[in-house]
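First the structure, in the form of structure tokens, and then the observations on it.
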Amino acid sequence: MRRVIVLAALALTACGAASPAEEGDAAIAGKARAIDGDTVSLDFRLSGADAFERKQLCQGPDGCYPCGKLAQDAAARLLRSAKATIRLTGAASYGRPVAIVTVDGVDLGERMIAQGWAVPVTRYLRHDPARATRYVAAYTEAQANRRGAHDGSWIDPGKWRRGERLACERR
């Protein structure tokens with residue numbers, strides 16, 4: 001019966017039927033793996049964090065490098081052999097449910113931003129101003145310490161998905 005309730009909650013959320021008042025009501029806990037830097041198996045997008053896409057390149061001091069693959073690897077390391085909890089937000093992005101993912105109690109989106117492999121997208125966190133503040137603080141610290149992609153230049157992941165590229169990617 002519990003399985004049916006969880007599956008029904010997932011189906012409603014995937015169809016956009018969940019309302020903001022229902023946030024936190026449905027949680028899924030278990031093993032997870034990274035598909036790319038901001039997508040976790042079971043095909044959920046991270047809420048408020050946008051990581052570099054798997055095929056995306058960034059420019060560093062020594063030339064272009066696969067920052068998207070590094071973002072995916074970072075998410076995989078964080079998810080490896082730890083318990084992930086996925087809290088659905090009731091939203092959808094790119095046809096996938098959006099969720100807050102924590103790994104052993106640590107916010108995966110915030111960690112990806114702090115490592116310099118994702119950027120905050122606070123417009124999706126209007127319902128959660130405390131999380132938005134933490135994401136911006138993590139981003140500011142990653143920038144100041146030149147972590148991850150902040151050690152060079154890069155295209156915002158959303159703009160990259162729309163076709164913008166660095167000069168070294170246009171070959």
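Listed by chain and number, the residues in a ring-ring contact (aromatic ring centres under 6.0 Å, His included) with Trp160 amount to none (sequence neighbours excluded).
The side-chain heavy atoms of Val98 and Tyr124, taken from C-beta on, include no pair separated by under 4.5 Å. Leu57 is listed as a side-chain neighbour of Pro66, based on a closest heavy-atom distance under 4.5 Å. Counting heavy atoms from C-beta on, the side chains of Thr122 and Arg131 never come closer than 4.5 Å. Put simply, the side chain of Val103 does not reach to within 4.5 Å of the side chain of Lys83, judged on heavy atoms.
In this structure, Thr85 OG1 and Asp107 CG are separated by 11.5 Å, a value rounded to the nearest 0.5 Å. The line from CD of Gln56 to CD of Gln72 is 13.0 Å long, rounded to the nearest 0.5 Å. Remark: Arg111 CZ to Trp117 CH2 distance equals 15.0 Å, nearest 0.5 Å. To the nearest 0.5 Å, the span separating CD1 on Ile86 from CG on Leu46 amounts to 9.5 Å.
Tested against Ser47 for a side-chain contact (heavy atoms from CB on, under 4.5 Å), the candidates Leu125, Val101, Val121 yield a single pass: Leu125. Of the listed residues (Arg161, Lys69, Lys159), just one forms a salt bridge (Lys or Arg N to Asp or Glu O under 4.0 Å) with Glu53, and that residue is Arg161.
Nearest approach of Phe52 to Gly116, heavy atoms of both residues: CE1-O, 3.5 Å. Nearest heavy-atom pair across Gly109 and Ala49 is CA-CB, 3.8 Å. When all heavy atoms of Thr89 and Ala99 are compared, the closest pair comes out as CG2-CA, 4.0 Å. When all heavy atoms of Gly37 and Ala75 are compared, the pair lying nearest together is O-CB, 3.9 Å.
Under the 4.5 Å side-chain heavy-atom criterion for Ile, Leu, Val, Met, Phe, Trp and Tyr, Tyr139 and Ile100 are members of distinct hydrophobic clusters.
With salt bridges taken as basic N to acidic carboxylate O contacts below 4.0 Å, none links Asp73 and Arg77. Using a 4.0 Å cut-off between a side-chain N of Lys or Arg and a carboxylate O of Asp or Glu, Lys55 and Asp36 do not qualify as a salt bridge.
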When you look at Met112 and Leu78, which way does the side chain to side chain contact (heavy atoms under 4.5 Å, CB included) test go after all the steps? CA-CA 9 Å; Met112 293 293 293; Leu78 293 168; 4.1 Å; yes
N/O donor-acceptor pairs under 3.5 Å from side chains in residues 145-158, not counting sequence neighbours:
from, atom 1, to, atom 2, distance (Å)
Asn145, ND2, Glu141, O, 3.0
Arg146, NE, Asp151, OD1, 3.2
Arg146, NH2, Asp151, O, 3.3
Arg146, NH2, Asp151, OD1, 3.4
Arg147, NH1, Ala114, O, 3.1
Arg147, NH2, Glu141, OE2, 3.0
Asp156, OD1, Gly158, N, 2.9

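In this model, Cys64 has its SG atom no nearer than 2.5 Å to the SG atom of Cys58.
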